[in-house]
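Because the structure is predicted, anything quoted here is derived from the model rather than measured. Residue numbering restarts at 1 for every chain, and letters A, B, ... go by the order of the sequence lines.
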Number of protein chains: 2
Amino acid sequence: MVTIKEIAKRCNVSIATVSNIINGKPNVGRETREKVLKTIEELNYTPNYIAKNLKTRRSKTIGVVVEDITAFCAPDIVDGITKCCEEKGYHILLTNLRLYRKFGESYYENEKFFPMIQKEIKELIAKQVDGIVYVTTHERVLKCFPKELNVPAVMAYGYTRSPKYPSIVVDDRKGAAEVIRYLFSMGHRRIGIVSGPVRSLHTRERLLGVQDIFTEQGIPFEKKCVVEGDWRRGSGYRGTDSLLEQKVTAIFCMSDIMAGGVYDRLGELGLIPGKDISVAGFDDRELSTYYKPPLTTTALPLFEIGYTACEHAIRKIEGSDCGEVPEELLEIARSCSLTVRDSVKDIRIQ
Amino acid sequence: MVTIKEIAKRCNVSIATVSNIINGKPNVGRETREKVLKTIEELNYTPNYIAKNLKTRRSKTIGVVVEDITAFCAPDIVDGITKCCEEKGYHILLTNLRLYRKFGESYYENEKFFPMIQKEIKELIAKQVDGIVYVTTHERVLKCFPKELNVPAVMAYGYTRSPKYPSIVVDDRKGAAEVIRYLFSMGHRRIGIVSGPVRSLHTRERLLGVQDIFTEQGIPFEKKCVVEGDWRRGSGYRGTDSLLEQKVTAIFCMSDIMAGGVYDRLGELGLIPGKDISVAGFDDRELSTYYKPPLTTTALPLFEIGYTACEHAIRKIEGSDCGEVPEELLEIARSCSLTVRDSVKDIRIQ
DNA sequence: TTGTACGCGTTATCAA
DNA sequence: TTGATAACGCGTACAA
């Protein structure tokens, strides 16, 4: 490995001069600059970041902790983070907790992994990351950052509810409201809901969004039109019948996956989505375009969440104020975007 | 940040002793050891890896370059890499090239991004990574590693065809053969193929696999039963009709996505997959379980590819032989695994 | 305009 | 069993 020393020796200058040239400092002769630059090129010299960082106490590195990179929302969030890092000249030290693989489907109700997170964060600190972005795969409150964390940390997708760490989250309430408003605009009044688990923040916020529109429209919202699901396909399947009994004209599922289950059951009953009954989903996963008919759903602002989270972390690093986060920045919600496909029928009287 | 120096001072020992204790060296009194360990605990001291690495010239870090983390195969490969790193005590410096996002659908036929790769790899080297794993999102030959690379590098999913760098790839030939063998076992003899682009290595290998079975069964394979696709849904859709004209009883698509297109066209024609005609796919993407009926397909050994690639990199690092790779290790193929669902009909005469 | 010398937090080599 | 001290590669006062 060629070092700054070698460059200096070859050019008969001191290492200080070489260092100055590399870092674009003024006060260096044009002639020496050229000579040095040339030999740097020739020897294919690259400054050793490790040494540099040791000196500057800045690693220009963000530690990214992902609960499970194989979860559907993780790659897009990470994509947003990488975009931001690329722009600001940061590197990424990735920690994949593999929670889903290690603890199975319901790891997010499990707190066994908390010590593991602490350990991994400590590792990242030991590696001298300048900041941390934690990416959850289920939206929930998570107290995973140690009290004495000495670098800025931001939560992406989940909530911290801690004044020290901002959360960048989905605007679930508005997202669900938009879906329901669309359903209303197509003439639907009796709308069935397949929700997520009631203890989930997603679920609660979205339910609030649903009610917002019913209230706005002056129509009472009936509790019996809500069936509790668990985000999985089977729960959509199982919930369908009771919703049908309620004579709903449309079913809003809080995940595309559950909508898939609704499709399954509807198919068995010989009912065609978008024709005999309307269905809408949530998440806008690629697979929903393969449903027959393609599902009307709303996209999670995953990329944006990652980007914004990282941006906040870097802003705090560079402003180096690691204090409390002002109230208005504690939870930053990003909007979903509705995608209309063919699963919702227009039942207005012409 | 508390350093080794502080620990030493507090304990009235030299930093050398503290260092020895941390690194489990022998020849240190039990009493001093305990005292030091206790203050380390108290002050919550963590060794600075940066400084350590500067000295040891080992960063215990793998540079992972992913062409696009949002591509469907990337997360699982990265998952395999992280599993391996976790086991061997390595960290991951992640570089997401964002090729798909930057250059669109057909970036893999584009060489504009080569300088970018070189630059990113140089960055990783500057960050002192001990090795590099490059993750492609389309299987192809890629000469992206610079000649003078001074750390071990391994290609995951793509081919290097270079004696210096091993490739860990999908066993496409065997994978396709297995699908065709299954189709044969269900009585199919006239089999249509929706292939990938003919210049793709995937395509060629899989076509070879198809022929292997026809040859084995002593049945001539007809070229006109192959339609060239582009991996995308539309190409499956467009290819269906001409295959139907050939009176095929089954269609093997080289991607689940294209199989989706076939389903689309079949649906329009009122033909039911798994009943009127059989369909099989490739990749085993989650969405294929949402097709109606669920698609019989074969899974790519993504996780294993990532794991194996990383394992090789680390083995080379720790053996620190960075020379040529022995012939038998140049291309390591991992097997696919067939998943039978409901899209293939048994047409044997009972 | 350039060079010297020191320090960043470690590990490693000796000597005590 | 312990301690001084010299590296590691770089940035930066300060001196020249």
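A/Lys60 and B/Glu123 are not joined by a salt bridge, as no carboxylate oxygen comes within less than 4.0 angstrom of a charged side-chain nitrogen. A salt bridge does not link A/Lys38 to A/Glu34: none of the charged nitrogens lies less than 4.0 Å from a carboxylate oxygen. In this structure, A/Asp68 does not pair ionically with A/Arg101, as no charged nitrogen and carboxylate oxygen lie closer than 4.0 Å.
If you take NZ of A/Lys35 and C1' of C/dT1, they are 13 Å apart, rounded to a whole angstrom. Note: CG (B/Asn53) to P (C/dG9) measures 15 Å, nearest angstrom. Regarding B/Asn12, its CG atom lies at a distance of 9 Å from the P atom of D/dG3, rounded to whole Å. In this structure, A/Lys5 places its NZ atom 13 Å from C1' of C/dA5, rounding to the nearest Å. With rounding to whole Å, B/Lys60 atom NZ is found 14 Å from C/dT11 atom P. Between B/Ile7 atom CD1 and C/dT10 atom C1' there is a gap of 14 Å when expressed in whole angstrom units. Rounded to whole angstrom, the span from the CD atom of B/Glu6 across to the P atom of C/dT10 amounts to 10 Å. As a whole-Å value, the separation of B/Ile40 CD1 from C/dT10 C1' is 13 Å.
Here the nucleotide nearest the side chain of A/Leu54, chosen from C/dC8, D/dC8, C/dT10, is C/dC8. Ranking C/dT1, C/dG9, D/dC8 by closeness to the A/Thr32 side chain, first place goes to C/dT1.
Contacts of A/Tyr45 with the nucleic acid, taken as non-hydrogen atoms under 4.0 Å apart, involve only primed sugar atoms and P, OP1 or OP2.
In this structure, A/Tyr307 and A/Ile168 have side chains that are not in contact, with every pair of non-hydrogen atoms separated by 4.5 Å or more. Counting only heavy atoms from C-beta outward, the side chains of A/Thr160 and A/Val154 never approach each other to under 4.5 Å.
Rounded to the nearest 0.5 angstrom, A/Arg161 CZ and A/Glu331 CD are separated by 4.5 Å. Between the CG atom of B/Asp79 and the CG atom of A/Asn96 there is a distance of 5.0 Å, given to the nearest 0.5 Å.
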Produce the list of close N/O pairs, under 3.5 Å, pairing protein atoms with atoms of nucleotides 12-16 of chain D; give distances to one decimal.
from, atom 1, to, atom 2, distance (Å)
D/dT12, OP2, A/Lys25, NZ, 3.2

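Put simply, B/Arg57 has a side-chain N or O that comes within less than 4.0 Å of OP1 or OP2 on D/dG9. Between B/Thr3 and C/dG9, a side-chain N or O to OP1/OP2 separation shorter than 4.0 Å is absent.
Positionally, the nearest nucleotide of DNA chain D for B/Gly29 lies more toward the 5' end than for the other of B/Ala51 and B/Gly29.
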